[in-house]
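First up is the structure itself, then whatever we jot down about it.
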Amino acid sequence: MKRIVAVLLAALLTAACLPLGATAADSGVGVVVTADKSFAKPGETVSFTVTLKPTGSYTVGGMAFSLVIPEGLTYVKGSGTVPQGLNETLGQYKTAFEDSTLVFVSGGAGRYQGTDDLVLLTFSCTADENADGDFSVTLYNSYSKRSGSVDMVAPVDSQGNIATIPTTVTAASVRVGTYVYGDVNGDGRVTGTDLILLGRYILGWNPSGFIEAAADVNGDGKINGTDLIVLRRHLLKWNGYDSLPYTAS
(Lines give C-alpha, C1' and ligand atoms only; values in the text may rest on other atoms or scores of the structure.)
Protein backbone atom coordinates (compact mmCIF):
# COMPACT_ATOMS: atom_id res chain seq x y z
CA MET A 1 0.00 0.00 0.00
CA LYS A 2 1.21 3.48 -0.70
CA ARG A 3 0.49 6.25 1.74
CA ILE A 4 -0.34 9.84 0.99
CA VAL A 5 0.49 11.81 4.06
CA ALA A 6 -1.67 14.71 5.16
CA VAL A 7 -0.92 16.17 8.57
CA LEU A 8 -2.93 18.65 10.59
CA LEU A 9 -0.52 20.21 13.10
CA ALA A 10 -2.14 20.25 16.53
CA ALA A 11 -2.79 23.69 17.99
CA LEU A 12 -1.71 24.43 21.54
CA LEU A 13 -4.84 25.39 23.42
CA THR A 14 -4.76 27.71 26.39
CA ALA A 15 -8.45 27.98 27.29
CA ALA A 16 -11.30 25.55 27.64
CA CYS A 17 -14.65 26.08 26.00
CA LEU A 18 -16.62 23.13 27.36
CA PRO A 19 -20.03 23.11 28.95
CA LEU A 20 -19.83 22.49 32.69
CA GLY A 21 -19.74 18.81 33.53
CA ALA A 22 -18.38 17.63 30.18
CA THR A 23 -16.05 14.65 30.51
CA ALA A 24 -14.12 12.38 28.19
CA ALA A 25 -16.63 9.62 28.84
CA ASP A 26 -19.56 11.46 27.27
CA SER A 27 -17.79 12.85 24.22
CA GLY A 28 -16.14 11.77 21.03
CA VAL A 29 -15.40 12.75 17.48
CA GLY A 30 -15.51 11.12 14.10
CA VAL A 31 -13.46 11.61 10.96
CA VAL A 32 -15.17 10.31 7.83
CA VAL A 33 -13.82 9.74 4.34
CA THR A 34 -16.52 9.59 1.66
CA ALA A 35 -16.39 8.98 -2.10
CA ASP A 36 -18.63 10.46 -4.77
CA LYS A 37 -19.18 7.01 -6.27
CA SER A 38 -19.11 3.44 -4.99
CA PHE A 39 -18.02 1.95 -8.32
CA ALA A 40 -15.48 3.05 -10.91
CA LYS A 41 -14.13 1.56 -14.07
CA PRO A 42 -10.34 1.52 -14.59
CA GLY A 43 -9.22 4.98 -15.65
CA GLU A 44 -12.15 6.77 -14.01
CA THR A 45 -11.66 9.43 -11.35
CA VAL A 46 -13.18 9.26 -7.87
CA SER A 47 -13.52 12.35 -5.67
CA PHE A 48 -13.07 12.01 -1.90
CA THR A 49 -14.02 14.24 1.02
CA VAL A 50 -12.59 14.20 4.56
CA THR A 51 -15.13 15.45 7.10
CA LEU A 52 -14.84 16.15 10.82
CA LYS A 53 -17.94 15.04 12.73
CA PRO A 54 -18.01 16.21 16.37
CA THR A 55 -20.15 13.80 18.41
CA GLY A 56 -19.80 15.21 21.90
CA SER A 57 -19.28 18.37 23.91
CA TYR A 58 -15.56 18.76 23.34
CA THR A 59 -13.98 21.74 21.64
CA VAL A 60 -11.84 20.33 18.82
CA GLY A 61 -8.34 21.71 19.06
CA GLY A 62 -5.83 19.98 16.78
CA MET A 63 -5.91 17.15 14.29
CA ALA A 64 -3.27 14.81 12.94
CA PHE A 65 -3.76 12.09 10.39
CA SER A 66 -2.38 10.48 7.26
CA LEU A 67 -4.44 9.31 4.33
CA VAL A 68 -3.98 5.67 3.38
CA ILE A 69 -4.49 5.16 -0.35
CA PRO A 70 -4.04 1.57 -1.52
CA GLU A 71 -2.37 0.28 -4.65
CA GLY A 72 -4.94 0.43 -7.40
CA LEU A 73 -5.82 4.08 -6.80
CA THR A 74 -3.52 6.98 -7.69
CA TYR A 75 -3.73 10.49 -6.25
CA VAL A 76 -4.52 13.13 -8.88
CA LYS A 77 -1.85 15.82 -8.59
CA GLY A 78 -3.33 19.23 -7.93
CA SER A 79 -6.68 17.88 -6.73
CA GLY A 80 -6.17 18.42 -2.98
CA THR A 81 -8.30 21.39 -1.95
CA VAL A 82 -8.98 23.07 1.39
CA PRO A 83 -12.50 24.56 1.53
CA GLN A 84 -12.64 28.33 1.35
CA GLY A 85 -12.97 29.85 4.82
CA LEU A 86 -11.63 26.82 6.68
CA ASN A 87 -8.76 28.87 8.11
CA GLU A 88 -11.20 31.28 9.74
CA THR A 89 -13.51 28.49 10.93
CA LEU A 90 -10.66 26.71 12.69
CA GLY A 91 -9.28 29.95 14.09
CA GLN A 92 -5.84 29.17 12.71
CA TYR A 93 -3.31 31.55 11.19
CA LYS A 94 -2.19 28.92 8.67
CA THR A 95 -4.38 26.31 7.05
CA ALA A 96 -3.22 24.97 3.69
CA PHE A 97 -2.65 21.84 1.65
CA GLU A 98 0.81 21.55 0.14
CA ASP A 99 0.34 19.54 -3.02
CA SER A 100 4.03 18.93 -3.63
CA THR A 101 4.35 17.00 -0.38
CA LEU A 102 0.66 16.16 0.10
CA VAL A 103 0.76 17.69 3.56
CA PHE A 104 -2.18 19.50 5.14
CA VAL A 105 -1.02 22.06 7.70
CA SER A 106 -3.21 23.84 10.24
CA GLY A 107 -1.22 25.81 12.77
CA GLY A 108 -2.03 28.45 15.35
CA ALA A 109 -3.81 28.86 18.67
CA GLY A 110 -7.36 28.46 17.40
CA ARG A 111 -9.93 25.72 17.85
CA TYR A 112 -13.20 24.55 16.35
CA GLN A 113 -16.06 25.14 18.78
CA GLY A 114 -18.91 24.14 16.48
CA THR A 115 -20.98 20.97 16.53
CA ASP A 116 -21.74 20.86 12.79
CA ASP A 117 -19.90 18.62 10.34
CA LEU A 118 -16.82 20.34 8.96
CA VAL A 119 -15.18 19.48 5.63
CA LEU A 120 -11.40 19.54 6.01
CA LEU A 121 -10.11 18.40 2.65
CA THR A 122 -11.22 17.17 -0.77
CA PHE A 123 -9.06 15.29 -3.25
CA SER A 124 -9.32 12.88 -6.16
CA CYS A 125 -7.83 9.55 -7.18
CA THR A 126 -7.81 7.71 -10.48
CA ALA A 127 -8.50 4.00 -10.66
CA ASP A 128 -5.48 2.29 -12.19
CA GLU A 129 -5.92 0.52 -15.52
CA ASN A 130 -5.19 -2.89 -14.01
CA ALA A 131 -7.21 -2.33 -10.82
CA ASP A 132 -9.89 -4.88 -9.99
CA GLY A 133 -11.60 -5.31 -6.63
CA ASP A 134 -12.60 -3.32 -3.54
CA PHE A 135 -10.35 -0.47 -2.41
CA SER A 136 -10.52 1.33 0.93
CA VAL A 137 -9.27 4.88 1.50
CA THR A 138 -8.91 5.59 5.20
CA LEU A 139 -6.89 7.49 7.83
CA TYR A 140 -4.37 6.71 10.54
CA ASN A 141 -2.59 8.71 13.22
CA SER A 142 0.88 9.77 12.16
CA TYR A 143 1.39 12.97 14.11
CA SER A 144 2.79 11.11 17.13
CA LYS A 145 5.87 10.34 15.03
CA ARG A 146 6.52 14.08 14.74
CA SER A 147 5.65 15.47 18.15
CA GLY A 148 4.96 12.91 20.82
CA SER A 149 1.60 11.31 21.49
CA VAL A 150 -1.30 13.37 20.13
CA ASP A 151 -4.68 12.08 19.07
CA MET A 152 -5.75 12.27 15.46
CA VAL A 153 -8.31 14.74 16.71
CA ALA A 154 -7.20 16.54 19.86
CA PRO A 155 -10.08 18.06 21.86
CA VAL A 156 -9.54 19.87 25.14
CA ASP A 157 -10.78 18.95 28.58
CA SER A 158 -12.32 21.27 31.16
CA GLN A 159 -8.84 22.50 32.18
CA GLY A 160 -7.85 23.35 28.61
CA ASN A 161 -5.52 20.38 28.24
CA ILE A 162 -5.39 18.17 25.18
CA ALA A 163 -7.37 15.09 26.14
CA THR A 164 -7.52 11.52 24.97
CA ILE A 165 -10.98 10.56 23.78
CA PRO A 166 -12.33 7.97 21.35
CA THR A 167 -11.96 8.90 17.70
CA THR A 168 -13.95 6.94 15.14
CA VAL A 169 -12.62 6.72 11.61
CA THR A 170 -14.88 5.73 8.72
CA ALA A 171 -13.20 4.71 5.47
CA ALA A 172 -14.48 5.19 1.92
CA SER A 173 -14.87 2.01 -0.10
CA VAL A 174 -14.73 1.96 -3.89
CA ARG A 175 -15.16 -1.06 -6.13
CA VAL A 176 -13.08 -0.95 -9.31
CA GLY A 177 -13.66 -3.15 -12.34
CA THR A 178 -15.98 -3.67 -15.27
CA TYR A 179 -19.72 -3.81 -14.73
CA VAL A 180 -22.74 -5.44 -16.33
CA TYR A 181 -25.78 -3.29 -17.01
CA GLY A 182 -28.55 -4.25 -14.61
CA ASP A 183 -26.20 -5.92 -12.11
CA VAL A 184 -26.49 -3.08 -9.60
CA ASN A 185 -25.16 -5.10 -6.64
CA GLY A 186 -22.11 -6.37 -8.51
CA ASP A 187 -22.61 -10.08 -7.84
CA GLY A 188 -22.16 -10.99 -11.50
CA ARG A 189 -25.83 -11.71 -12.19
CA VAL A 190 -28.91 -9.70 -13.16
CA THR A 191 -31.76 -10.91 -10.96
CA GLY A 192 -34.83 -9.78 -9.08
CA THR A 193 -32.56 -8.60 -6.28
CA ASP A 194 -31.13 -5.97 -8.60
CA LEU A 195 -34.67 -4.86 -9.48
CA ILE A 196 -35.51 -4.44 -5.78
CA LEU A 197 -32.31 -2.49 -5.10
CA LEU A 198 -32.93 -0.23 -8.08
CA GLY A 199 -36.43 0.52 -6.83
CA ARG A 200 -35.11 1.38 -3.39
CA TYR A 201 -32.42 3.63 -4.88
CA ILE A 202 -35.01 5.54 -6.88
CA LEU A 203 -37.06 5.99 -3.69
CA GLY A 204 -34.07 7.65 -2.04
CA TRP A 205 -32.60 4.72 -0.19
CA ASN A 206 -28.85 4.15 -0.23
CA PRO A 207 -28.32 0.41 -0.85
CA SER A 208 -24.90 -0.80 0.22
CA GLY A 209 -22.55 -1.36 -2.72
CA PHE A 210 -25.04 0.01 -5.26
CA ILE A 211 -23.37 0.50 -8.68
CA GLU A 212 -24.92 3.59 -10.22
CA ALA A 213 -23.27 3.10 -13.61
CA ALA A 214 -24.91 -0.32 -13.94
CA ALA A 215 -28.33 1.07 -13.03
CA ASP A 216 -28.70 3.31 -16.08
CA VAL A 217 -30.09 0.44 -18.15
CA ASN A 218 -31.55 2.66 -20.89
CA GLY A 219 -28.33 4.65 -21.29
CA ASP A 220 -29.83 8.13 -21.01
CA GLY A 221 -27.49 9.30 -18.26
CA LYS A 222 -30.22 9.29 -15.58
CA ILE A 223 -31.47 6.77 -13.06
CA ASN A 224 -35.24 6.88 -12.70
CA GLY A 225 -38.48 4.96 -13.11
CA THR A 226 -37.77 4.33 -16.78
CA ASP A 227 -34.75 2.22 -15.81
CA LEU A 228 -36.93 0.27 -13.39
CA ILE A 229 -39.41 -0.51 -16.19
CA VAL A 230 -36.64 -1.53 -18.59
CA LEU A 231 -34.96 -3.80 -16.06
CA ARG A 232 -38.27 -5.45 -15.15
CA ARG A 233 -39.03 -6.13 -18.82
CA HIS A 234 -35.50 -7.48 -19.30
CA LEU A 235 -36.00 -9.92 -16.44
CA LEU A 236 -39.41 -10.94 -17.83
CA LYS A 237 -37.76 -11.53 -21.22
CA TRP A 238 -39.91 -9.13 -23.18
CA ASN A 239 -39.16 -9.05 -26.89
CA GLY A 240 -36.50 -6.45 -27.66
CA TYR A 241 -35.31 -6.17 -24.05
CA ASP A 242 -32.85 -9.06 -24.13
CA SER A 243 -29.80 -6.78 -24.33
CA LEU A 244 -28.90 -3.94 -21.98
CA PRO A 245 -28.59 -1.03 -22.14
CA TYR A 246 -31.93 -0.88 -23.90
CA THR A 247 -32.29 1.72 -26.65
CA ALA A 248 -35.75 2.34 -28.02
CA SER A 249 -35.88 2.01 -31.78
Kindly indicate, with the supporting measurements, whether the criterion side chain to side chain contact (heavy atoms under 4.5 Å, CB included) is fulfilled by T95 and V82. CA-CA 8 Å; T95 300; V82 175; 4.1 Å; yes
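- Within the 4.5 Å cutoff, side-chain heavy atoms of P42 are placed close to those of V176.
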Check the pair T51, K53 against side chain to side chain contact (heavy atoms under 4.5 Å, CB included), reporting the backbone distance first and the verdict last. CA-CA 6 Å; T51 304; K53 291 180 174 286; 4.2 Å; yes
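- Residues W238 and L228 fall within the same hydrophobic cluster, defined by Ile, Leu, Val, Met, Phe, Trp and Tyr side chains chained together at heavy-atom separations under 4.5 Å.
- The two residues S243 and H234 have their closest heavy-atom pair at N-ND1, 4.4 Å.
- For the pair D183 (side chain) and D187 (backbone), a donor-acceptor distance under 3.5 Å is present.
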Pair I223, E212 - check side chain to side chain contact (heavy atoms under 4.5 Å, CB included), show working. CA-CA 8 Å; I223 302 174; E212 292 183 345; 3.9 Å; yes
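- By the 4.5 Å heavy-atom criterion applied to side chains, V31 and T170 are not counted as neighbours.
- In this structure, S136 contributes its side chain and A171 its backbone to no donor-acceptor pair below 3.5 Å.
- With rounding to the nearest 0.5 angstrom, the OH atom of Y241 is 9.5 Å from the CG atom of N218.
- Minimum interatomic distance between L120 and P83 (heavy atoms only, all atoms of both residues): O-CD, 3.4 Å.
- We find the CZ-CG distance between F123 and L67 to be 4.5 Å, quoted to the nearest 0.5 Å.
- Residues V32 and L118 do not share a hydrophobic cluster, clusters being chains of Ile/Leu/Val/Met/Phe/Trp/Tyr side chains in contact below 4.5 Å.
- D216 and P245 get closest at one heavy-atom pair: O-CB, 4.3 Å.
- At a threshold of 4.5 Å between side-chain heavy atoms, the hydrophobic network of Ile, Leu, Val, Met, Phe, Trp and Tyr places L236 and Y181 in one connected group.
- Hydrophobic clustering, with ILVMFWY side chains joined whenever heavy atoms are under 4.5 angstrom apart, keeps L90 apart from V119.
- Across every non-hydrogen atom of S38 and G209, the tightest pair is OG-C, 4.3 Å.
- Classification of the Y179-F39 ring pair by plane angle, with boundaries at 30° and 60°, yields perpendicular.
- Without hydrogens or angle criteria, D227 side chain to N224 main chain gives a donor-acceptor distance under 3.5 Å.
- Taking both residues in full, the closest heavy atoms of R175 and G186 are given as NH1-CA, 3.3 Å, listed atom of the first, atom of the second, then distance.
- In this structure, the separation between CG on L195 and CD1 on I229 is 11.0 Å, given to the nearest 0.5 Å.
- Nearest approach of F135 to G72, heavy atoms of both residues: CE2-CA, 3.8 Å.
- With D194 contributing its side chain and T191 its backbone, the two residues share a donor-acceptor pair below 3.5 Å.
- Side-chain contact between V68 and L139 is absent, with no heavy-atom pair separated by less than 4.5 Å.
- To the nearest 0.5 Å, the span separating CG on L231 from OH on Y246 amounts to 14.0 Å.
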Between K77 and D99, does a side chain to side chain contact (heavy atoms under 4.5 Å, CB included) hold up when you go through it step by step? CA-CA 7 Å; K77 187 175 182 180; D99 193 74; 3.2 Å; yes
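- Rounded to the nearest 0.5 angstrom, L86 CG and L121 CG are separated by 9.0 Å.
- For R232, the CZ atom sits in a loose shell: 12 or fewer heavy atoms of surrounding residues, nucleotides or ligands are nearer than 6.0 Å.
- Between C125 and I69, the closest side-chain pair of non-hydrogen atoms falls below 4.5 Å.
- Defined by atom type and a distance below 3.5 Å, a donor-acceptor pair is missing between the side-chain atoms of D128 and N130.
- Considering only heavy atoms from C-beta on, V190 comes within 4.5 Å of V180 through its side chain.
- Looking at K37, its side chain never comes within 3.5 Å of a backbone N or O of I211 through a donor-acceptor pair.
- Rounded to the nearest 0.5 angstrom, E71 CD and L73 CG are separated by 9.5 Å.
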